[in-house]
Amino acid sequence: MTETKVYDDYEYYINYRGCVEIVKYLGDGGDVIFPSFIEGHPVTQIGEDSYDPQLICKGVCFSSLCIPDSVSFVRPDCFMFAGIGTLEL
């Protein structure tokens with residue numbers, strides 16, 4: 001994996017195809033809308049460890065979660081234990 005960067009509440013990297021994979025959510029939860037683009041590159045993947053289960057101990061849950069149309073792949077178990085109230089794809 002290449003060097004990760006931070007944009008808003010997201011840690012990410014740009015892959016060899018010029019697409020973004022979000023590898024970690026860094027925010028406080030609540031109503032979360034994943035971005036469609038970061039640095040002009042489309043967000044196409046949400047990584048397996050994007051939601052750290054230890055965040056649940058800190059009370060970080062998603063009241064609602066919106067994943068944009070640009071995302072074509074969500075890795076298995078990436079939102080396990082996230083406490084999602086509403087999911088919009």
Side-chain angles (χ1 to χ4, degrees):
M1 179 172 19
T2 60
E3 176 184 345
T4 61
K5 300 178 182 181
V6 174
Y7 169 82
D8 270 346
D9 292 332
Y10 309 96
E11 184 175 337
Y12 70 96
Y13 76 94
I14 300 171
N15 67 22
Y16 70 96
R17 292 184 172 161
C19 299
V20 172
E21 178 173 344
I22 292 177
V23 295
K24 186 170 279 193
Y25 175 72
L26 305 170
D28 295 327
D31 296 321
V32 176
I33 300 172
F34 277 78
S36 298
F37 290 89
I38 296 177
E39 288 186 37
H41 300 274
V43 175
T44 60
Q45 296 185 45
I46 299 176
E48 188 171 9
D49 297 322
S50 59
Y51 180 83
D52 182 349
Q54 293 182 14
L55 292 174
I56 198 78
C57 298
K58 298 177 184 176
V60 177
C61 295
F62 298 134
S63 302
S64 65
L65 179 62
C66 181
I67 298 174
D69 291 342
S70 62
V71 174
S72 59
F73 188 72
V74 178
R75 297 203 183 264
D77 302 330
C78 70
F79 297 118
M80 185 181 281
F81 308 116
I84 300 170
T86 303
L87 176 62
E88 182 180 331
L89 301 174

### Query
Less than 4.5 Å apart, any side-chain heavy atom of Tyr10 and any of Ile46?
no
### Query
Heavy-atom distance under 4.5 Å between the side chains of Asn15 and Gln45, does that happen here?
yes
For the student: nearest non-hydrogen atoms of [X] and [Y], plus distance:
| X | Y | result |
| --- | --- | --- |
| Pro42 | Gly18 | CD-O, 3.8 Å |
| Glu11 | Thr4 | OE2-OG1, 2.9 Å |
| Val20 | His41 | CG2-CB, 3.7 Å |
| Ile22 | Tyr12 | CA-CB, 4.1 Å |

With rounding to the nearest 0.5 angstrom, report the [atom1] to [atom2] distance, [X] to [Y].
| X | Y | atom1 | atom2 | answer |
| --- | --- | --- | --- | --- |
| Ser63 | Asp31 | OG | CG | 5.0 Å |
| Glu21 | Ile38 | CD | CD1 | 11.0 Å |
| Ile33 | Ile67 | CD1 | CD1 | 12.0 Å |

### Task
Return the orientation label for the Phe34 and Tyr25 ring planes: parallel under 30°, perpendicular over 60°, tilted otherwise.
tilted
### Asp28 CG: over 12 foreign heavy atoms closer than 6.0 Å
no
### Side-chain (Ser70) to main-chain (Val43) donor-acceptor, under 3.5 angstrom
yes
